[in-house]
2 protein chains.
Amino acid sequence: MIFSSKAEYGVRLMVELGRQPPGHPTSLKAVAEAEGLPLAYLEQVVARLRKAGLVMSARGAHGGYWLASPAEEISMDEVVQALEGAIAPMECFVNEHTERVLCSHEPDAGRGCATKLLWTRVQGGIIRSLQQTTLADLVEFSRRGEHTGSPVFSRRGEHTATAA
Amino acid sequence: MIFSSKAEYGVRLMVELGRQPPGHPTSLKAVAEAEGLPLAYLEQVVARLRKAGLVMSARGAHGGYWLASPAEEISMDEVVQALEGAIAPMECFVNEHTERVLCSHEPDAGRGCATKLLWTRVQGGIIRSLQQTTLADLVEFSRRGEHTGSPVFSRRGEHTATAA
DNA sequence: CTAAATCCTACCAGCGCGGTCGGTTAACCG
DNA sequence: CGGTTAACCGACCGCGCTGGTAGGATTTAG
């Protein structure tokens, strides 16, 4: 699996918050029951979203969480990044290396990793997909859930410039 | 990390085979030494590639492995698939579901997983990236690196330009 | 004050990953 | 033939991460 359940739960949480009318907070308990997820674990998940500034919170009775921005302005790139950490296809990619990565197995002979070319393309593909989807897309999708599976796929023109 | 080191090692192995002149097999030992990888582990990795029909083998003295097809005809999609199994962003995606996935946490209320829309897009992004890259691309990339005699990443990670 | 909620830290079982080991079979070479 | 090389196979194993729990401390509405 590419993404862990942190991402799954976190995205669901965000969608759930996006479905709520603005103005009052939603408690984690309500979300946990609606989605059938363990409350205690959700706490850890939402903490990441909060630290990333994607949701805001109020403590105490009648407290809860709400989106820090309108769903239209939240790219799923930010959400997944907050939940999973940096999108890195491979070890070499973890930190924003300035230059000269040397991914441990790299031979000190002339050439560098040829694989890096591949992982770079894949990383680009993933990030583009995430950036092109907003939370509002998912909220809308969840609203007309019981309809026939309409072709919701690439709503932004076409396959973009993914280098054919 | 999105891909395990199986993918890393396997892709390197394929590149190494692609660099060899055709006609005679290359032993795993040679590959292991060239790339600095554990031989015993490489055996497991190459077994997957063989079972997928991407490489062929000859046993006995002077045996070894070679590409089953010309590098130009091998899409990295096939390679990664053979090494990592199906490209599935999430549990729900593991098997070729006809319809109605019901990913365990899916609420039996009206709507289906909104997250599925997201994971589908991501999966598409990954697979497209992989399909658009052939083994020959990587082989050529690795050759460019050694001809100049200088590191491949000479221009501040600008190699993404070659990716497009 | 009390209940409801966020917040925080520590802890734990299971499992997949990366890797090793020992052995068997097959082919070439002298 | 007999030795050597190298593919093939399956069992095993430590470690770290994932998914999840436990228990408490803090904040706030009523």
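A note on names: the letters A, B, ... follow the listed sequences, proteins ahead of strands, and every chain is numbered from 1. All figures in this text were calculated on a predicted structure; none of them were measured in a lab.
Look at CD on Glu35(A): it is 14 Å from P on dG20(D), rounded to the nearest Å. At whole-Å resolution of the value, NE2 in His24(A) and C1' in dA5(C) are 16 Å apart. Lys29(B) places its NZ atom 17 Å from the C1' atom of dC8(D), with the value rounded to the nearest Å. Taking atom CZ of Arg48(A) as the reference point, atom P of dG20(D) lies 14 Å away to the nearest angstrom. Between the CG atom of Leu13(B) and the P atom of dG18(C) there is a distance of 16 Å, rounded to whole Å. To the nearest angstrom, C1' of dG19(D) lies 12 Å from CG of Leu42(A). The separation between Lys6(B) atom NZ and dC17(C) atom C1' is 6 Å, rounded to whole Å. Summarising the geometry, the separation between CD on Glu33(A) and C1' on dA5(C) is reported as 13 Å, rounded to the nearest angstrom.
Rounding to the nearest 0.5 angstrom, the gap separating the CG atom in Leu67(A) from the CD atom in Glu73(A) is 11.0 Å. Summarising the geometry, atom CD belonging to Gln81(A) is positioned 9.0 Å from atom OG belonging to Ser75(A); distances are rounded to the nearest 0.5 Å.
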Seminar exercise, completed: Its contact letters, B for base, S for sugar-phosphate only and - for none at protein heavy atoms under 4.0 Å, make nucleotides 21-30 of chain D read B----BBBSS
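Close to dA7(D), at under 4.0 Å from its OP1 or OP2, lies no side-chain N or O of Arg50(B). Taking side-chain N and O atoms only, Tyr9(A) has a distance below 4.0 Å to OP1 or OP2 of dG20(D). For the pair Ser4(B) and dC17(C), the criterion of a side-chain N or O lying under 4.0 Å from OP1 or OP2 is not met. Distances shown here put every side-chain N or O of Ser57(A) at or beyond 4.0 Å from the OP1 or OP2 atom of dT6(C).
Counting heavy atoms from C-beta on, the side chains of Leu17(B) and Trp66(B) never come closer than 4.5 Å.
Taking Gln44(A) as the reference, Tyr41(A) meet the side chain to side chain contact (heavy atoms under 4.5 Å, CB included) condition, with sequence neighbours excluded. Remark: Ala52(B) engages Leu54(B), Ala82(B) in a side chain to side chain contact (heavy atoms under 4.5 Å, CB included) (not counting sequence neighbours).
With respect to Leu135(A), the side chain to side chain contact (heavy atoms under 4.5 Å, CB included) criterion is satisfied by exactly one of Glu140(A), Glu78(A), Glu72(A), Met14(A): Met14(A).
Residues Thr133(A) and Arg121(B) bring a donor and an acceptor atom of their side chains to less than 3.5 Å of each other.
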